[in-house]
Amino acid sequence: MSAGAASGGAVTTVVTDDVELGAAALRAGRLVAFPTETVYGLGADASNPVAVRAVFEAKGRPAGHPLIVHVASLEEARRWMALPDAATERRLAALAGRFWPGPLTIVVPRSDLVAPEAVGGRPTIGLRVPAHPVALALLRAFGGGVAGPSANRFGRVSPTTAAHVLADLDGRVAVVLDGGPTAVGVESTIVDLVGPQPLLLRPGGVPVAELETVLGEPVPDGRSGEARASGMLASHYAPRASVALVEPADLASVLASARAERGEAGGVVGVIATAVVDHQPSWVLPDEAGGYARELYAALRAADAAGVDHLVVVPPSHGPLLDAVLDRLTKAAAPRPA
Ligand code: TXA
Ligand code: MG
């Protein structure tokens, strides 16, 4: 049981593995960063409007973006949702039964328990039971719902270690529960059960094909139209460096021209690849998407720390999490707002 303090902002941030300390902070309306199997979350009591507003402030995130509410079980989740109709109940039971605890967020009509600020004033709520022993212990000790976006400053890459959380939020969060590096590495899949058919709002830790198998029906992409999830905003998952995606076969030629153009102007070119490349700085990630996902955000943060201005990225070639990884890489490579 090691507890250390770090300073640098308005509050003294305590790094610990003591979930009771985290639960007490949540009860006091304070912010607690906690590990999940996907990425670290920035938690607040989801029924406390003051605590929820503090989440937006700490992240620098525009108010109005709905937060995921984390709970310990399906039974607890039911307190946060409106009584489902028969079709929603069938889908909910199937998905929660198969994937909870796990990297799946389910959007349903909400009850009055949640602070409206936590759901951006919407009539719906995104609920998730995370599959991480520290997260589950925290949720059980706290006993309620924990509103938790990823524990990064707005616009930065999601944190997959406690050190990433501190880099962004030291002095802005009361407690950081350190549970080591996260296992999945990309955020949860978000499925919307509000309408007549299930919709995919964000690809993530559960492949959409598995949702379709369990539901026995298609789960079409619900991402077109209104940007209902902030992860839909282009460049939401971006490092500081600009990003270019390339096929492995094109890496050598793209790299040669990037070195010539960018290097001449004094810029630092970096590479994320799936095989060793004769260039520094470079990061080699597994070619399989699950392994790639686990290491991607740490590599993007390392590239920023190394002063990389332009990052040439080879995506993974296969694996069930390919959609989720390509989604994040495409957003990282999208044009940035001016
Ligand atoms: O894996 C994850 O989902 C991580 C961990 C911490 O659980 N959390 C996460 O939270 O990625 P965040 O806030 O960075 O992304 C949550 C996404 C946002 O895109 C948000 O718009 C969407 O969930 N969301 C939450 N509630 C929603 C709702 N009621 N309707 C539609 N989208 C919702
Ligand atoms: Mg996020």
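As the structure lists them, so they are numbered: ligands from 1, and atoms in each ligand from 1.
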Ligand-side contact atoms (ligand 1) for residue partner [X], heavy atom cut-off under 4.0 Å:
X	value
T124	28 (C), 29 (N), 30 (N)
L67	25 (C), 26 (N)
T38	1 (O), 2 (C), 4 (C), 5 (C)
R61	12 (P), 13 (O), 14 (O)
H70	5 (C), 6 (C), 7 (O)
I190	17 (C), 22 (C), 23 (O)
G41	6 (C)
I125	29 (N)

Can you name the closest pair of heavy atoms from V176 and A162 and give their distance?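 Heavy-atom minimum between the residues: CG1-CB, 4.0 Å.
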
Minimal non-hydrogen separation, A238 against V157, with atom names: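 Closest heavy-atom pair between A238 and V157: O-CG2, 3.6 Å.
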
Ring-ring centroid check H132 F34, cutoff 6.0 Å: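 For H132 and F34, the ring centres are not under 6.0 Å apart.
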
Do ligand 1 and [X] have nitrogen or oxygen atoms that lie under 3.5 Å from each other?
X	answer
R122	no
S150	yes
T36	no

Residues [X] and [Y] bridged, charged N to O under 4.0 Å:
X	Y	result
R90	E217	yes
R140	E76	no
D221	R202	no

Once you restrict to heavy atoms under 4.0 Å, what part of [X] touches ligand 1? Side chain, backbone, both or neither.
X	value
R110	neither
H65	neither
V107	side chain

Can you tell me if E89 has over 12 outside heavy atoms packed within less than 6.0 Å of its CD?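 Counting neighbours around CD of E89, more than 12 heavy atoms of other residues, nucleotides or ligands fall under 6.0 Å, so yes.
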
So for V119, does at least one of its heavy atoms come nearer than 4.0 angstrom to any atom of ligand 1?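 Judged by the 4.0 Å heavy-atom criterion, V119 does not count as contacting ligand 1.
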
Under 3.5 Å, is there a donor-acceptor pair linking the side chains of H164 and R156?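 Per modelled atom types, H164 and R156 side chains form no pair under 3.5 Å.
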
ILVMFWY cluster membership beyond V284 - transitive side-chain contacts under 4.5 angstrom: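 V284 shares its hydrophobic cluster with V276.
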
Using a distance threshold of 2.8 Å, state whether an N, O or S atom of S150 lies below it from the Mg ion (ligand 2).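 So S150 does bind the Mg ion (ligand 2) by this criterion.
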
What residue pairs, at least two apart or across chains, pass ring-ring contact (aromatic ring centres under 6.0 Å, His included) with a residue in residues 296-318?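 For residues 296-318, and leaving out neighbouring residues, there are no ring-ring contact (aromatic ring centres under 6.0 Å, His included) pairs at all.
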
